[in-house]
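The basis for the numbers below is simple: all heavy atoms, side chains too, and nothing from hydrogens, waters or symmetry mates.
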Amino acid sequence: MKAPVSFEEVRQPDVRAWRMWNRMVLAALGVACAIPICVNVLIDPYDLFRVSPIGIGPSLNQRVQHIRHLESNAGRFNVLLMGTSVMGLADPRVVDEEVPGASAYNMSFFVASPTDMLRASEYLATRGALPKRVVVGLDTFLFVRRDASLPKQFALPAEVSGESKVAWWTDAAYTTSITTAVSKLVESSREVPAIVYDLDRGNYSLPRSDAAIRLNPTAHAEGVLKPTTPVVPKDLLVESEFDALRQLREFFASRNVQVLWIIEPNSVVIRNAYGEQNYRATMSRIRAQISGDIVDLSDTSGFQADPAYWYDMKHPTAQASRTVLATAVRQSTTFSAERLALK
């Protein structure tokens, strides 16, 4: 007759099975945690960590790049450009060409707001990296309501936003951005890139769009400025951003920064989308927040309706951007010969 089996002997296989199961679960969790880190650090879709062998991708975080560059080159630039992606296309070397002694940098952001520009300017001032002459490009997109949660591509650095650095970088490492990572990998294999960032001077260019226009200018001209009916809702503009623009003006005044305000031309498509009355009211609200050296190009009718000047209904071509910037600088009092003292 067999001896009775103890409880511990019956229980032991179950314990071993549970331990094995726990190890498998922990391993799976480890892999799950490692995947986003590998994607976000090794592929680096927003080019935050700068260890990826792939190079700069199309979704570079301009805010981080600009502020890093200006901090590490404090004193090198004596003119700073800022605005949305519209101003971002402007080559700052245009200022250098128009103004002897100027060395300009373009600190424009995609999806920018006056609040972003104010916070970045305040931070740069504390680091001794805010020049005494600034060119601000103003357009309606600065005041448009943004999504509550934007991807890390559009995040200000932690030291600028006031967020905990640990929380900021943890989010950057763990927030999955598979689509953006795949886009970076695909773009890296293209012969003609969609977007190229000038890391030294801040502006960006669109080589693929330029190539498409050269290849078939007629098709581009026919499709780029198709007429639309008014579609801009009345609550699209954020009231607090108009106040932030006023605060930006006051901040520059408190720091004795000379500012050239450029009210950018909009395409006829954008103007029609607002409706004439709403468009003029918006321009008036922008002008009411600023003072001093203002070059208003918002009513440049020939520019607005000429398809040769536009990549799309929002963005002027590189040549058009040069024209706008050069025109504004020539009309400016900030950069006039009598007041010029750039070293």
Side-chain angles (χ1 to χ4, degrees), residues 60 62 66 69 77-110 112 117 131 133-142 192-215 217 220-221 224-225 259-271 293-337 340 342:
L60 168 78
Q62 291 178 302
H66 288 328
H69 193 66
F77 303 105
N78 52 24
V79 179
L80 187 64
L81 280 61
M82 61 181 71
T84 66
S85 56
V86 173
M87 175 60 91
L89 284 159
D91 189 340
R93 295 171 184 83
V94 171
V95 179
D96 299 2
E97 295 164 5
E98 295 290 333
V99 182
S103 177
Y105 183 85
N106 193 333
M107 192 191 70
S108 297
F109 305 143
F110 289 144
M117 295 191 295
R133 285 173 177 80
V134 171
V135 180
V136 181
L138 300 172
D139 55 58
T140 56
F141 309 115
L142 278 167
V192 180
I195 184 169
V196 172
Y197 297 97
D198 185 334
L199 300 183
D200 188 52
R201 300 302 289 269
N203 60 302
Y204 71 96
S205 58
L206 302 173
R208 194 178 301 159
S209 296
D210 288 329
I213 293 172
R214 288 194 300 269
L215 183 65
H220 174 77
V224 68
L225 295 180
V259 186
L260 165 59
W261 306 94
I262 305 175
I263 303 181
E264 305 265 11
N266 286 293
S267 74
V268 66
V269 178
I270 294 297
R271 187 165 183 150
D293 190 6
I294 302 171
V295 176
D296 189 348
L297 301 176
S298 62
D299 278 327
T300 314
S301 57
F303 190 101
Q304 292 173 339
D306 190 339
Y309 284 134
W310 300 95
Y311 284 126
D312 53 42
M313 65 180 180
K314 295 181 179 180
H315 297 95
T317 63
Q319 185 55 49
S321 297
R322 289 183 64 91
T323 300
V324 168
L325 183 55
T327 299
V329 169
R330 290 167 191 167
Q331 294 181 18
S332 162
T333 57
T334 298
F335 296 103
S336 65
L340 187 59
L342 296 178

Do any side-chain atoms of residues 83-90 form donor-acceptor pairs under 3.5 angstrom with protein atoms, and if so which ones, sequence neighbours left out?
unit_1	atom_1	unit_2	atom_2	d
Thr84	OG1	Val86	N	3.2
Thr84	OG1	Asp139	OD2	2.7
Ser85	OG	His315	NE2	2.7

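- A heavy-atom distance below 4.5 Å is not found between the side chains of Val329 and Val94.
- In this structure the side chain of Asp210 never reaches within 4.5 angstrom of the side chain of Gln319, judged on heavy atoms.
- Closest non-hydrogen pair, Pro207 versus Ala194, comes out as CD-O, 3.7 Å.
- To the nearest 0.5 Å, the span separating CG on Leu60 from CD1 on Ile195 amounts to 8.5 Å.
- The nearest pair of heavy atoms linking Leu225 to Asp306 is CD1-C, 3.9 Å.
- Here CG of Asp91 is found 8.5 Å from CG of Asn106. Values are rounded to the nearest 0.5 Å.
- Between Ile262 and Leu325, the closest side-chain pair of non-hydrogen atoms falls below 4.5 Å.
- Between Tyr204 and the options Phe110, Tyr311, Phe109, a ring-ring contact (aromatic ring centres under 6.0 Å, His included) holds for only Phe110.
- Across every non-hydrogen atom of Asn203 and Pro92, the tightest pair is OD1-CD, 3.4 Å.
- To the nearest 0.5 Å, the span separating NE2 on His66 from CG on Leu81 amounts to 10.5 Å.
- With rounding to the nearest 0.5 Å, the separation of CZ in Phe303 from CG in Leu297 is 8.5 Å.
- The side-chain heavy atoms of Lys314 and Phe141, taken from C-beta on, include a pair separated by under 4.5 Å.
- Note that CE of Met117 is 10.5 Å distant from CG of Leu80, once rounded to the nearest 0.5 Å.
- Looking at Thr327 and Val295, their side chains never come closer than 4.5 Å, going by heavy atoms from C-beta outward.
- Distance alone, capped at 3.5 Å, is enough to place a donor-acceptor pair between the Asn78 side chain and the Ser103 backbone.
- Minimum heavy-atom separation, Thr334 to Arg133: O-NE, 3.9 Å.
- From Asp296, atom CG reaches atom CD of Glu264 across 10.5 Å, with rounding to the nearest 0.5 Å.
- Scanning both residues, Ser332 and Asp293, for their nearest heavy atoms gives OG-OD2, 2.6 Å.
- Contact check for Val269 versus Trp310: no side-chain heavy atoms found under the 4.5 Å cut-off.
- A donor-acceptor distance shorter than 3.5 angstrom exists from the side chain of Gln304 to the backbone of Ser298, with no hydrogens or angles considered.
- Ring orientation note: the planes of His69 and Phe77 are tilted relative to one another, at an angle of 30° to 60°.
- Considering all non-hydrogen atoms of both residues, Tyr105 and Gly202 come closest at CE1-N, 3.5 Å.
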